[in-house]
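Right, one structure below, let's go through it.
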Amino acid sequence: MSAAVETFAVGDAQVNGHGSKLNGSTTQVNGASNAQLNGSSQLNGSGQLNGSASTQSSLWDAQFLPPPLVLEDRARALKVQSRLSGLVICGATLSRVGETFSRELERGLRQLPSSLQMENTYVPELPDGTEEGVFLALDLGGTNFRVLLLELSSGQLVREKVKQYHISDSLRLGPGEDLFNFLADCVQDFLHCEGMEDHELSLGFTFSFPMRQHSISSGELLTWTKSFCCSGMRGVDVAALLQRCLDARGLRVTVQVLLNDTTGTLVAGARLDPDVGIAVIMGTGSNGCYVERAERVSHWEAAHDRVRDVVVDIEWGAFGDNGCLDFLRTEFDREVDNNSLLATSFTFEKYIGGKYLGEVLRVTLSALARDGLFPAAPAELTSAHLSMFEEESCAGGWVRTVAALREACGADISRADALVAQHVARVISNRAAQLVSVCIAQLLRRMGRARVAVAVDGSVFKRHPRIQLLMHKYIALLAPHHPFTLLGAEDGSGKGSALTAAIAARVAARNSSLASA
C-alpha cells in the first residue's frame with residue numbers, strides 16, 4: 001500500500017471508482033437525476049431512509065447511498081432493501097451524526113458529561129527531524145506483547161530490534177501485578193539478549209486501553225477492553241507500576257512516555273508527513289486523536305504555559321454510550337450489542353470495528369433468513385468474510401461467497417443468495433466508512449488548516465477493498481473546502497512510542513535550558 005493517497009476531489013463522484021453498472025444492471029446512482037432502485041421510485045421501497053422523509057433525495061444526499069441490490073427476482077430485492085433500510089444512512093442523517101459528534105467533543109473538552117472522553121495526552125508537539133538517541137518501546141494491547149529497541153538519528157530510524165512475547169490467559173485475567181511483573185521480565189530478557197542490561201535508557205510505553213492521563217508519563221486505567229480483565233488495577237498509575245517493576249530488577253530504564261496506539265500512530269505519521277494532524281485506528285477496534293489548541297483543553301495537571309498545541313485522544317469507540325446516537329441504532333445493532341462481552345458500551349465501535357463487522361453481517365443475514373429472504377442463518381461470520389464478500393463483489397464474482405456461505409449456513413446457496421450477502425456486506429461497509437468519515441470531516445472543519453494529513457492504521461483500513469476509496473469520497477463531501485490526505489501509517493504503537501519518548505526528551509531539555517537561562 002502506498003504511503004499516501006491523493007486528496008479526493010468531489011466533482012464527478014462515482015461509486016467505488018466504477019460507473020453506472022452493477023451486476024449487469026444499468027441502474028444509476030450518485031449522479032443520476034432520477035435514480036430508481038430496482039425500478040421503484042422510492043428508496044428501499046419506503047419513504048424512509050434512517051431519518052430521511054423524502055422519497056427523492058437531493059443530489060448531494062443521494063451520493064451517500066449504496067448502490068441498489070439487483071436480482072432477477074425484483075420483488076425479493078425490494079424486500080431485502082426495505083429490511084435493510086435502517087442500515088442505510090442518508091446525507092441528512094450523517095450531518096446529524098456530525099453535529100452530535102461536535103457537540104459531544106466540545107463537552108468532553110470542557111469536562112462536562114459526554115460520551116467522548118477527550119483525554120489530554122500531554123504530547124505537546126510532533127516530530128521535527130531533530131530526534132536523536134536510542135529508546136525502548138513497549139507495546140501492550142493484545143495477546144502478544146512487543147519490546148522494541150529503536151535508534152534515531154536526525155529524526156530517521158537507523159536501527160530497530162523487536163522481540164515478541166505471548167501473554168497467557170492467566171496473565172490477562174489474573175492480578176494486575178502479575179501482568180506488569182511479566183512485562184518487566186520481558187524487558188529484562190530483551191536487554192539481556194542485546195547485551196544492554198547496564199545501559200541507561202528512556203522508554204515509551206504504548207498502553208492501548210482507555211486511561212485518564214495525569215502527565216505525559218503517568219495515567220490510570222479506566223477500563224480493560226479486548227481480552228484483558230486484570231484485577232487490582234483500580235486507581236493504579238500504570239506507568240508508575242511498570243517503573244516499580246523495572247526498578248525491582250535493577251534495570252536502568254525510565255518510563256518517559258505513556259500513550260496509546262492512536263497517539264502513537266499520529267506521531268509516527270508526522271514523521272512521514274509534517275502536515276499530519278489527525279490519526280485514526282481502524283482495526284479490531286477504532287479510535288481517533290488530533291492536534292488541538294492547548295487553550296481549548298480544560299483538563300491539565302501539569303504546567304503548560306509554554307504549550308501551544310496538544311494531542312487529544314478522543315476515545316470515540318464509546319461515542320453514543322450516553323444515548324446520543326440512539327437514532328442510528330437498528331434491531332441488528334441491538335442484537336450485536338446484547339451478544340457482546342461489553343453490552344451497552346463501545347456503541348460507536350460496534351458500528352465500525354473489525355471485531356464486530358462480521359457479527360453485524362451474521363445477525364443481519366439471520367434476520368433475513370427468519371423472514372424467508374435468505375436460505376439459513378449463518379453460524380459464524382467474521383470481518384474477514386465481509387471483506388472477502390466485498391472483494392469478490394468488486395470483481396463481479398460470487399463463487400467464493402457461495403462456498404463460504406455454504407459452510408457457515410449448512411445449506412444450499414445460490415448465486416442470488418450470494419448477491420444478497422454481498423449487498424448486505426456492502427451496506428454495512430458503507431455505513432462504517434460513513435461514520436468514520438463524518439468524524440474526520442468534523443475534525444478537519446474544527447482545525448481549519450490549509451491541508452491536513454490523516455494518519456490511519458489498522459486491519460480494516462488496510463485489508464477492506466473499498467474502505468479507503470469510500471472514506472475519500474465521504475470526507476470530501478462532508479468537508480468540501482478542507483484539503484486532506486489519507487496516509488497509511490505503520491506501527492504507531494511501536495515506532496510512535498519511541499518517537500514520543502524522543503520528543504519528550506527534547507522538550508524536557510529545552511525547558512531545562514530556558515529555566516536556567
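- L444 contributes atom CG, which lies 10.0 Å from atom CZ of R449 (distance to the nearest 0.5 angstrom).
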**OP:** Show your working on side-chain hydrogen bond (donor to acceptor under 3.5 Å, both in side chains) between S493 and R146 and close with a plain yes or no.
**Re:** CA-CA 9 Å; S493 56; R146 294 189 304 157; 3.3 Å; yes

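- Taking CZ of R103 as the reference point, atom CG of L116 lies at 11.0 Å (rounded to 0.5 Å).
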**OP:** Would you check, one step at a time, whether the test salt bridge (charged side-chain N to carboxylate O under 4.0 Å, His left out) holds for E99 with R96?
**Re:** CA-CA 5 Å; E99 292 164 3; R96 183 181 174 188; over 6 Å; no

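- Side-chain N/O atoms of T347 and D321 include a donor and acceptor closer than 3.5 Å.
- Taking 4.0 Å as the cut-off between side-chain N and carboxylate O, E490 and K462 count as a salt-bridged pair.
- To the nearest 0.5 angstrom, S102 atom OG is 7.5 Å from R446 atom CZ.
- Y474 is not listed as a side-chain neighbour of V438, based on a closest heavy-atom distance of 4.5 Å or more.
- In the displayed structure, L341 atom CG is contacted under 6.0 Å by at most 12 heavy atoms of other residues, nucleotides or ligands.
- Using cut-offs of 30° and 60° for the angle between ring planes, the F228 and F209 rings count as perpendicular.
- Looking at E349 and S286, their side chains never bring a donor and an acceptor atom within 3.5 Å of each other.
- Within a 6.0 Å radius of NE2 in H166, more than 12 heavy atoms belonging to other residues, nucleotides or ligands are found.
- For R110, the CZ atom counts as loosely surrounded, since its 6.0 Å shell holds 12 or fewer non-hydrogen atoms of other residues, nucleotides or ligands.
- Under the 3.5 Å distance criterion, with hydrogens and angles disregarded, no donor-acceptor pair is assigned to the side chains of S383 and K355.
- Closest approach of N430 to P66, counting heavy atoms only: ND2-CD, 3.8 Å.
- The closest side-chain heavy-atom distance from R451 to D273 is below 4.5 Å.
- The closest side-chain heavy-atom distance from S497 to F205 is not below 4.5 Å.
- Between Q213 and T121 the shortest heavy-atom distance is NE2-O, 3.6 Å.
- Taking the side chain as every heavy atom from C-beta outward, V276 and R271 never approach each other to under 4.5 Å.
- L365 is listed as a side-chain neighbour of L405, based on a closest heavy-atom distance under 4.5 Å.
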Subject >> CA sep, side-chain torsions, deciding dist, call: R426, S393, side-chain hydrogen bond (donor to acceptor under 3.5 Å, both in side chains) >> reply: CA-CA 9 Å; R426 178 68 172 271; S393 174; 4.9 Å; no

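- Rounded to the nearest 0.5 Å, atoms NE2 (H423) and CG (L69) are 5.0 Å apart.
- No side-chain donor-acceptor contact under 3.5 Å links Q111 and S298.
- Taking 4.5 Å as the limit, every side-chain heavy atom of V123 sits out of range of all side-chain heavy atoms of L259.
- D337 is listed as a side-chain neighbour of K350, based on a closest heavy-atom distance under 4.5 Å.
- Here R334 does not pair with E331 in a salt bridge; the nearest charged N to carboxylate O distance is not below 4.0 Å.
- Between N287 atom CG and D261 atom CG the span is 7.5 Å, to the nearest 0.5 Å.
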Original post:
Passes salt bridge (charged side-chain N to carboxylate O under 4.0 Å, His left out), E390 versus R463? Steps please.
Top reply: CA-CA 11 Å; E390 283 277 70; R463 298 172 188 167; over 6 Å; no

